[in-house]
Amino acid sequence: MPPPSTSSVDAEQQAQWLSRIEAMQPTLMRLAQLQLRNRAWAEDAVSEAVLAAIEALPRFAGRAQLQTWVVGILKHKVLDQLRRRQREVVLDESAGDDDETAAMFRDDGEFAHAPQAWTAPAEALRQKQFFEVLEACMELLPGRLGRVFLMREWLELSTEEICQELALSSTNVWQTLARARLRLRECLQLRWFGEQKP
Amino acid sequence: MTFNLFRSCREVTALVLAREDRHLALRERAVIRLHFLVCKACPVFEEQVLTMRQALDGWRHYREAEPGED
């Protein structure tokens with residue numbers, strides 16, 4: 001069956017999609033800022049994504065979830081921003097030289113305090129509130145640590161692609177990702193699993 | 001030079017984290033399996049890393065799906 005022609009999308013349907021795209025802008029901005037860590041860059045990426053989505057709307061034809069489709073466009077625009085700002089992204093050393101494992105282990109390499117099992121993790125994964133805590137924890141990841149982590153987990157780039165985009169060695173990217181995961185674990189422990197949730 | 005299969009919790013947790021972002025070599029996987037036979041703490045850490053993996057996948061869906069779809 002051929003795809004629906006552009007004329008099959010009536011004006012009323014397009015107006016409805018436009019209004020939904022307008023309503024999703026705060027979400028788009030939040031995602032772009034989470035990845036780019038810079039409000040001006042995020043605004044540029046969201047503007048470009050919304051314009052591209054509006055231009056492509058006749059071809060969208062309702063064949064996918066509208067928000068999934070627009071977020072897909074946003075990911076490309078965010079990656080364009082990262083390429084444009086590559087130098088600033090790589091030089092951002094705000095992750096510091098902390099050793100996240102220093103307090104976790106004794107000098108002999110064994111745990112200083114054995115990790116406690118997280119209670120009801122499956123239950124947490126069904127709660128919107130948990131995802132908001134997770135997002136807040138990702139927001140707390142500093143500078144380059146956060147950008148590299150989100151390139152992996154939101155833009156879904158492979159480590160090889162991240163190395164290429166940021167001109168970093170694979171060892172550097174692996175270490176950065178491991179540090180980010182340790183910080184995320186600690187944050188979730190403090191903000192969710194360490195507390196009793198309803 | 002022989003490869004030491006017996007590693008500390010610090011080294012094993014580093015491998016558990018690395019597994020999220022790269023394929024581990026056979027001997028690295030062997031280090032984890034061997035260590036888990038004698039350690040109670042590291043499997044708990046691994047469980048937390050797996051929970052974070054599911055959480056990140058769930059978050060991506062939560063953010064990209066239509067409001068109300070879930």
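In what follows, chains are A, B, ... by sequence order, proteins preceding strands, each numbered from 1.
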Undergrad: Give, as side chain, backbone, both or neither, the part of A:Thr101 having an atom under 4.5 angstrom from any heavy atom of chain B.
TA: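 Answer is both: backbone and side chain atoms of A:Thr101 are under 4.5 Å from chain B.
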Undergrad: For B:Val31 and B:Arg7, which heavy atoms make the closest approach, and how far apart are they?
TA: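 Nearest heavy atoms, B:Val31 then B:Arg7: CG1-CG, 3.6 Å.
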Undergrad: What part of A:Ile162 gets within 4.5 angstrom of chain B, counting heavy atoms only: side chain, backbone, both, or neither?
TA: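 Neither part; nothing is under 4.5 Å.
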Undergrad: Given heavy-atom pairs under 4.5 angstrom as the criterion, report whether the side chain, backbone, both or neither of B:Ala55 touches chain A.
TA: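 Both backbone and side chain.
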Undergrad: For chain B, find which of A:Arg126, A:Glu135, A:Gln116, A:Arg106 contributes the most heavy-atom pairs closer than 4.5 angstrom.
TA: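 Most heavy-atom pairs within the cutoff with chain B belong to A:Glu135.
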Undergrad: Does atom CD of A:Glu110 have more than 12 heavy-atom neighbours, drawn from other residues, nucleotides or ligands, at distances under 6.0 Å?
TA: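 Correct, the count exceeds 12.
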Undergrad: Determine whether the interatomic SG-SG distance for A:Cys137 and A:Cys187 falls below 2.5 angstrom.
TA: yes
Undergrad: Can you tell which part of B:Cys42 gets under 4.5 Å to a heavy atom of chain A, answering side chain, backbone, both or neither?
TA: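 B:Cys42 touches chain A through backbone and side-chain heavy atoms alike.
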Undergrad: Apply side chain to side chain contact (heavy atoms under 4.5 Å, CB included) to B:Thr51 and list each qualifying residue two or more places apart in sequence or on a separate chain.
TA: A:Trp118, A:Pro121, A:Phe193
Undergrad: Would you mind telling me which of A:Met104, A:Gln175, A:Glu160, A:Met138 has the largest number of heavy-atom pairs within less than 4.5 Å of chain B?
TA: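 If we count pairs closer than 4.5 Å to chain B, A:Met138 comes out on top.
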Undergrad: In terms of heavy-atom pairs under 4.5 Å with chain A, which of B:Pro43, B:Gly58, B:Cys9 leads?
TA: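 When all of B:Pro43, B:Gly58, B:Cys9 are compared, B:Cys9 has the most.
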Undergrad: I'd like to know whether CG of A:Asp107 has more than 12 heavy-atom contacts from other residues, nucleotides or ligands below 6.0 angstrom.
TA: no
Undergrad: Can you tell me which portion of B:Arg60 sits under 4.5 Å from chain A's heavy atoms? Options are side chain, backbone, both or neither.
TA: side chain
Undergrad: Under 4.0 Å between a Lys/Arg side-chain N and an Asp/Glu carboxylate O for A:Arg181 and B:Asp21?
TA: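 Answer for the salt bridge query: yes.
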Undergrad: Judged by modelled atom types alone, do B:Ser8 and B:Glu11 share a side-chain donor-acceptor pair under 3.5 Å?
TA: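 Side-chain D/A pair, B:Ser8 to B:Glu11: present.
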Undergrad: Given that the side chain runs from C-beta out, which part of B:Arg53 has a heavy atom under 4.5 Å from chain A: side chain, backbone, both or neither?
TA: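 When you check distances to chain A, only side chain atoms of B:Arg53 fall under 4.5 Å.
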Undergrad: Specify which of B:Gln48, B:Glu20, B:Met52 makes the most heavy-atom pairs with chain A at under 4.5 Å.
TA: B:Gln48
Undergrad: Between A:Arg185 and chain B, which part of the residue has a heavy atom less than 4.5 Å away: side chain, backbone, both or neither?
TA: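 Both backbone and side chain.
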Undergrad: Looking only at heavy atoms and a cut-off of under 4.5 Å, which of A:Ala117, A:Ala178, A:Pro115, A:Ala114 has the most pairs with chain B?
TA: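 Highest number of heavy-atom pairs under 4.5 Å: A:Pro115.
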Undergrad: Can you say whether A:Leu31 sits under 4.5 Å from chain B via the side chain, the backbone, both, or neither, judging by heavy atoms?
TA: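 Contact with chain B: side chain only.
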Undergrad: Output yes when a side-chain donor or acceptor of A:Gln33 lies under 3.5 Å from a complementary backbone atom of A:Asn38, and no otherwise.
TA: no
Undergrad: In terms of hydrophobic clustering (I, L, V, M, F, W, Y; side-chain heavy atoms under 4.5 Å; direct or indirect links), are B:Phe36 and B:Leu26 co-clustered?
TA: no
